[in-house]
Novice: 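This is the structure, below, for whatever I ask next.
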Protein chains: 2
Amino acid sequence: MATISDVAEKTGLSKATVSRVINNHPYISKEKRELVYKAMEELGYQPNPSARRLRGQLTNTIGVIVPRIVNPFFSYLVDAMEQVAYENNYQVLMFQSDEKKDKELYFLNLLKTKQVDGLIMTSIENDREVIESYTEYGPILFCNEYKSRSDLPVVRVDQAEAAYLGTKHLLDRGYRKIAYCTGGLFVEDGKDKDRNVGFQKALNDYNINVNTGWVFVNKHTIEDGKHVMKQIAEMRERPDAIFTGSDEIAAGVLMEAKALGMKIPEDLAVIGFDDQPIAEMIDPALTTIRQPIKEMGTESVGMLLRLLKNHPLEQKHQELSVELVVRSST
Amino acid sequence: MATISDVAEKTGLSKATVSRVINNHPYISKEKRELVYKAMEELGYQPNPSARRLRGQLTNTIGVIVPRIVNPFFSYLVDAMEQVAYENNYQVLMFQSDEKKDKELYFLNLLKTKQVDGLIMTSIENDREVIESYTEYGPILFCNEYKSRSDLPVVRVDQAEAAYLGTKHLLDRGYRKIAYCTGGLFVEDGKDKDRNVGFQKALNDYNINVNTGWVFVNKHTIEDGKHVMKQIAEMRERPDAIFTGSDEIAAGVLMEAKALGMKIPEDLAVIGFDDQPIAEMIDPALTTIRQPIKEMGTESVGMLLRLLKNHPLEQKHQELSVELVVRSST
DNA sequence: TTGTAAGCGTTATCAG
DNA sequence: CTGATAACGCTTACAA
């Protein structure tokens, strides 16, 4: 593989000069500059990123950690980030943490060892202190998830408002017995907490208390949704609506309801979360809360790039708004 | 950040010895070995991969190029690869080529510059010669896509058989006027070609000629599917069934059909491809051809790891079988 | 069993 | 404007 020395030799110049050309330094004669370009072209020369990194260079690469790439919310989010990064001449490396602490640590180490210039975390497994300790090596930004006591930059949607909006919608439609799914496991922190707050607030507006028998925790998948529906079907006193917390769960609920011969929304109104492609395709089409995925991606990458250029951030916390998408399931 | 020198200093040993410990060389006294481990622990030392790479080391990282991560087929495929790689102590870097030659080249260069030890390509944008020239720097393996005249290792499903199976199913059900979608643009090569062959073969079995007015090329998305359905609806002589080539397109067809008040499968039978999650969720549930995604991922990573260890490959071409999943759309 | 020293490909510093 | 040189962190002959 051609190295900078090869280019230097071929042009009769020094490595230093070649390096300057590569890095667009000023004060180089036009002829030599072009000479170098020509030689680079002919040799198929590509700078070796490892060597550059060793010298402490930036890599024009940012890393994005997602919990599960098969979750469309995250694949679309990464996709949006990729677009913006590409326009700014940055590459995106995607990592799947699988919700495992050790994998997440591995990726944080990529920052430590300068494999990536900065990191966007769309999920958080390790403790706040652990993650913050890595900011020494490059900027880290939370997108979607966050830790409330951390002062790392965050791009997120107002989850409390989102949950409030969705629950309010159900209440406005006349449903009063509302079940609730959450992905979190009684977390004290982060977005699940916020959603709980919004849910409660909406119920409060209507002077309704939460029925803890209708609260399902640690739910994520389509299978979980089916299971929830089964449980509900067996209840003596059933809810008349359910806030599912994700379109996957909602889809599972819908499918199982269909299998059980129940009518949506007559027997049970269902509201999803995310507005994923399936929301529109499933029957009945899902009422859901649309997260501004594109905007989240754009905003995160934008902020991270500003951070990388040491530009000051106008605000460390970007809070985006959600939108209620009413379809046929409520 | 702690370096090997720090560890050496702290232990009073030389860098060389520390390096030997890190790399599990034999002939090191137990005491020193433990001394080094202790110091590494205390300093939070992590070897710098850039330095290692510069020395020509392996990185225990493999790269996977996908065209579009938002396509569930690919996100599930990468996910499957990730599992196996992780079990073998390898990390997976995911890249989205966006079906662009230049992006793909960027990723190929990661191999050239030893950022990844090997590469799995699930899509191919550049010419065969270009890609093969990169095998000089590390093993490359095709998964899903392939170039027929290339002798790079391939893991794929028998697309001809798959298309044959699907088309045969339609014919067996009594449909005779079969429309056909393909992602390829009259390609001479790769999987689209194979599918065309399978499609034709099935029709031949029934002595039916392809109606070119019912062939749609370069179709990929849900939107494409809707568009196809619109076109069909406007035809004077309509097909009675359609082989869509992907569940996305099939979903689009179904949605548009519903919008137009058409009955599936009575007015038009629809068969998808991939058996993605939506296939089961959409109404009517989609008859489709299941690709062995998990197996493809497992097999690809397994082959690549063998290649990386210079183990001989029993066979360079793994061909996996598909399965027809009959639901309600045909 | 351990240490010394060279070198991987870059770029920054300093000197012209 | 250009060139020599050191340094980044690591591994590996070679020597001891």
Side-chain angles (χ1 to χ4, degrees), chain A residues 1-37 39-40 43-61 109-117 136-138, chain B residues 1-37 39-40 43-61 109-117 136-138:
Chain A
M1 207 190 115
T3 73
I4 198 171
S5 299
D6 298 331
V7 181
E9 196 169 337
K10 190 172 175 100
T11 54
L13 295 167
S14 70
K15 290 194 296 177
T17 304
V18 176
S19 173
R20 289 192 185 99
V21 172
I22 295 169
N23 294 285
N24 281 313
H25 283 225
Y27 311 127
I28 306 176
S29 67
K30 245 202 177 87
E31 353 158 17
K32 313 232 161 172
R33 187 182 295 274
E34 270 152 24
L35 197 60
V36 171
Y37 280 138
M40 296 200 322
L43 291 168
Y45 168 76
Q46 291 271 4
N48 183 322
S50 296
R52 292 183 129 178
R53 278 202 266 278
L54 200 52
R55 284 291 332 222
Q57 295 284 298
L58 293 186
T59 61
N60 269 42
T61 302
N109 275 318
L110 289 186
L111 183 62
K112 189 167 176 178
T113 55
K114 296 276 171 262
Q115 317 245 60
V116 297
D117 299 340
E136 179 186 344
Y137 311 110
Chain B
M1 206 190 116
T3 73
I4 199 172
S5 300
D6 298 331
V7 180
E9 196 169 337
K10 190 172 177 101
T11 54
L13 296 167
S14 71
K15 291 193 295 175
T17 305
V18 176
S19 171
R20 290 190 186 103
V21 172
I22 295 168
N23 294 285
N24 281 314
H25 283 227
Y27 310 126
I28 305 175
S29 67
K30 244 200 176 89
E31 354 159 15
K32 313 234 158 168
R33 188 183 293 276
E34 270 152 24
L35 197 61
V36 171
Y37 280 139
M40 294 199 323
L43 291 168
Y45 169 75
Q46 291 271 3
N48 183 322
S50 296
R52 293 182 126 179
R53 278 202 266 277
L54 201 51
R55 286 290 330 227
Q57 294 286 296
L58 293 186
T59 62
N60 269 41
T61 302
N109 275 318
L110 289 187
L111 183 61
K112 189 166 176 180
T113 55
K114 295 277 172 261
Q115 318 244 55
V116 296
D117 299 340
E136 177 186 345
Y137 310 111

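Owing to the predicted nature of the structure, the values given are computational and were not obtained by experimental measurement. Order of the sequence lines fixes the chain letters, A, B, ..., with proteins taken first and strands second; residue numbering starts at 1 for each chain.
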Novice: Could you list, one pair per line, each protein nitrogen or oxygen that sits under 3.5 Å from a nitrogen or oxygen of nucleotides 14-16 of chain C, together with the distance?
Specialist:
none

Novice: Can you give each donor-acceptor pair under 3.5 Å made by side-chain atoms of residues 20-28 of chain A, sequence neighbours left out, with the distance rounded to 0.1 Å?
Specialist:
| residue | atom | partner | partner atom | Å |
| --- | --- | --- | --- | --- |
| A:Asn23 | OD1 | A:Arg52 | NH2 | 3.3 |
| A:Asn23 | ND2 | A:Ser19 | O | 2.8 |
| A:Asn23 | ND2 | A:Ser19 | OG | 3.4 |

Novice: Who pairs with A:Ser14 by side-chain hydrogen bond (donor to acceptor under 3.5 Å, both in side chains), at least two apart in sequence or on another chain?
Specialist: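 side-chain hydrogen bond (donor to acceptor under 3.5 Å, both in side chains) list for A:Ser14, sorted by chain: A:Thr17.
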Novice: For B:Ser29, which residues count as a side-chain hydrogen bond (donor to acceptor under 3.5 Å, both in side chains) partner, sequence neighbours excluded?
Specialist: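 Per chain and number, B:Ser29 pairs via side-chain hydrogen bond (donor to acceptor under 3.5 Å, both in side chains) with no residue.
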Novice: May I ask you to list the residues of residues 43-55 of chain B, by number, that have any heavy atom positioned under 4.0 Å from an atom of DNA chain C?
Specialist: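 The answer is B:Leu54, B:Arg55.
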Novice: Taking only the side-chain heavy atoms of B:Leu13 (C-beta and beyond), determine which of C:dT11, C:dT2, C:dT10 contains the nearest atom.
Specialist: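 The answer is C:dT2.
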Novice: Taking side-chain hydrogen bond (donor to acceptor under 3.5 Å, both in side chains) as the test, write out the residues that go with B:Asp117, two or more places apart.
Specialist: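 B:Asp117 satisfies side-chain hydrogen bond (donor to acceptor under 3.5 Å, both in side chains) with B:Thr59 once adjacent residues are dropped.
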Novice: Salt bridge (Lys or Arg N to Asp or Glu O under 4.0 Å) with A:Lys15: which residues, sequence neighbours excluded?
Specialist: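 Per chain and number, A:Lys15 pairs via salt bridge (Lys or Arg N to Asp or Glu O under 4.0 Å) with no residue.
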Novice: Can you name the salt bridge (Lys or Arg N to Asp or Glu O under 4.0 Å) partners of B:Lys10, sequence neighbours left out?
Specialist: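 Listed in chain order: B:Glu42.
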Novice: List in chain and number order the residues that pass side chain to side chain contact (heavy atoms under 4.5 Å, CB included) with B:Leu110, two or more places apart in sequence or in another chain; answer none if no residue qualifies.
Specialist: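 Expected list: B:Phe95, B:Tyr106, B:Phe107, B:Gln115, B:Val116.
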Novice: Could you tell me which residues satisfy side-chain hydrogen bond (donor to acceptor under 3.5 Å, both in side chains) with A:Asn109, sequence neighbours excluded, listed by chain and number?
Specialist: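 For A:Asn109 the side-chain hydrogen bond (donor to acceptor under 3.5 Å, both in side chains) partners, ignoring immediate neighbours, are A:Tyr134.
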Novice: What is the bend of the helix from C:dT1-D:dA16 to C:dG16-D:dC1 when you compare the axis at one end with the axis at the other, using five pairs each and rounding to 10°?
Specialist: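 Inter-axis angle at the ends, rounded: 40°.
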